[in-house]
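Any value given below was found using the heavy atoms of this structure, including those in side chains, with hydrogens, waters and symmetry copies removed. First listed ligand is number 1; within each ligand, the first listed atom is number 1.
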Amino acid sequence: MGNRILVKAPAKINLSLDVLHKRDDGFHEVKMIMTTIDLADRIELDELQDDKITIVSQNRFVPDDDRNLAYQAAKLLKERFAVKKGVSISISKIIPVAAGLAGGSSDAAATLRGLNKLWNLGLSIDKLAEIGAEIGSDVSFCVYGGTAIATGRGEKIEHISSPPPCWVILAKPTIGVSTADVYRNLKLDQVEHPNIDAMVQAIHNHDFKGICTNVGNVLESVTLKMHPEVNHIKMQMQRFGADAVLMSGSGPTVYGLVQYQSRLQRIYNGLRGFCDQVYAVRLLGNRNES
Ligand SMILES: C[C@@](CO)(OP(=O)(O)O)[C@H](O)COP(=O)(O)OP(=O)(O)OC[C@H]1O[C@@H](n2ccc(N)nc2=O)[C@H](O)[C@@H]1O
Ligand SMILES: Nc1ncnc2c1ncn2[C@@H]1O[C@H](COP(=O)(O)OP(=O)(O)O)[C@@H](O)[C@H]1O
C-alpha cells in the first residue's frame, strides 16, 4: 500500500463581514473577521501510482469531478510542481454544503496542506495560502485557520488572537444559497456597516460581551430578503437565549454564540423542533497544524 495522510478541514464562521465596494474585476473588496469552529470534514489522501486524481465522497451534494475544490487544489499543485504521482482524495463530509461555512474551501486547503507532505513539496504555509487564493477567496484563510482579519477579496490574511472560548450553535435551513447571487444583489448604499475595529478590540480584550454586541454581516441584507426563513431562525435562536446571533458568510447558516454550556441544550432542542441540521460545537480560534 502507498502512503496515506489524514487531514482535518474545519469550518469557519464570520464574526463580522463588511463589504467596502465592488472592484473592476467583478469581486468585492471585503473586511471580515473569520474564525474556525470545531466542525470539520476529514480528508484522506492516498498516494496512487497512476497519474490521476480521484474524489471519493458519500455525500450526494459533493461533486466527484473537477468541480470539487479539493480536486482543483490537487490539480494545481500537481501541475505547478510537475508531480508524476496521483492521489485518491476521500472526503468524509460533516460540514453542511453551500452553507456559508466554507466547507469546500476548507477541503481544498486541507488537501493543499496534506499533499505538501505526501508529495514532499516543502512549501511554506504562506506559499500554500497564496496558491489557495487561486482556487477561491476563502481558501487562504482556511489554509491557516485560527482567527484573522481578511481583506482584499478575502485572501489577505492578518492573524489576530483567538476569542475567549465559547459555544457555537449552528442551524442550517434546507435551502442552498449561491454566494455569487448574494454579492450580485448587494445594495451597498442601503446597508449598515459593522464596526470591525470594535470587534478586533473586543477579541483582543477577551471581552465576550463586546464580541456579542459587535457581530455584523452586510450580506444578511440580501439573504434574509431572499429567504425569510433565515430571519425566522435568527429570531428563534435569540428567543431561546443565544448571546449573539448572526448569519455566517453568504448564508444560509445562522450561528449563535453561547457563553455557558448550561444554556446549550435548551437552545439546541428548541431549534431541532423545526430545523433538521443543528450543531453545537466549540469555537476553535487556534491555527491549523501545518
Ligand atoms: C461570503 C464568503 C465570506 O467568507 O463566504 P461563503 O458564504 O462562501 O462561505 C466569501 O466572501 C466567499 O468566498 P468564496 O466562497 O471562496 O468565493 P469565491 O469562490 O472566490 O467566489 C464566488 C463568487 O462570489 C463573488 N465574490 C466572492 C468574494 C468576493 N470578495 N467578492 C465577490 O463578489 C464573485 O461573484 C465570485 O464569482
Ligand atoms: N469539497 C467540497 N465540499 C462541498 N462542496 C463543494 C466541494 N467542492 C466543490 N463544492 C461545490 O461548492 C459549492 C459551495 O460549497 P461550500 O464550500 O460548502 O459552501 P460555501 O461557499 O457557502 O461555504 C457547493 O454547491 C458544491 O457544489
K.L.:
Give yes if a backbone or side-chain nitrogen or oxygen of Gly251 is under 3.5 Å from a nitrogen or oxygen of ligand 2, and no if not.
P.N.:
no
K.L.:
Measuring to protein heavy atoms, does anything land under 4.0 Å from atom 13 (C) of ligand 2?
P.N.:
no
K.L.:
Please determine if Ser248 has a nitrogen or oxygen closer than 3.5 Å to a nitrogen or oxygen of ligand 1.
P.N.:
no
K.L.:
So, is Asp107 polar-close to ligand 2, with some N/O to N/O distance under 3.5 Å?
P.N.:
yes
K.L.:
With respect to atom 4 (C) of ligand 2, which of Lys93, Arg67, Gln72 exhibits the smallest heavy-atom separation?
P.N.:
Lys93
K.L.:
Numbering the atoms of ligand 1 from 1, which are under 4.0 Å from a heavy atom of His28?
P.N.:
29 (C), 30 (N), 31 (N), 32 (C), 33 (O)
K.L.:
In plain terms, say whether Asp207 and Lys209 are close enough for a salt bridge, that is, a side-chain N and a carboxylate O under 4.0 Å apart.
P.N.:
no
K.L.:
Only distances under 3.5 Å count here; give the side-chain donor-acceptor pairs of residues 84-104 to other protein atoms, sequence neighbours excluded, each with its distance to 0.1 Å.
P.N.:
unit_1 : atom_1 : unit_2 : atom_2 : d
Lys93  : NZ     : Asp41  : OD2    : 2.6
Lys93  : NZ     : Asp107 : OD2    : 2.9

K.L.:
Pairs in or reaching into residues 225-244: which pass salt bridge (charged side-chain N to carboxylate O under 4.0 Å, His left out), with residues at least two apart or in two chains?
P.N.:
Glu220-Lys234, Asp243-Arg263
K.L.:
Could you tell me the residue and atom name of the protein heavy atom closest to atom 17 (O) of ligand 1, and the distance to it rounded to 0.1 Å?
P.N.:
Ser137 OG, 3.9 Å
K.L.:
Any atom of ligand 1 sitting under 4.0 Å from a heavy atom of Lys12?
P.N.:
yes
K.L.:
Among Ala133, Ala98, Ala180, Ser140, which one puts a heavy atom closest to atom 23 (C) of ligand 1?
P.N.:
Ala180
K.L.:
Who's closest to atom 26 (C) of ligand 2 heavy-atom-wise, of Gly104, Pro63, Ala98?
P.N.:
Pro63
K.L.:
Write out the residue and atom name of the closest protein heavy atom to atom 25 (C) of ligand 1, then the distance separating them to 0.1 Å.
P.N.:
Tyr183 CD1, 3.5 Å
K.L.:
Within the structure, is a non-hydrogen atom of Gly154 found at a distance of less than 4.0 Å from ligand 1?
P.N.:
no
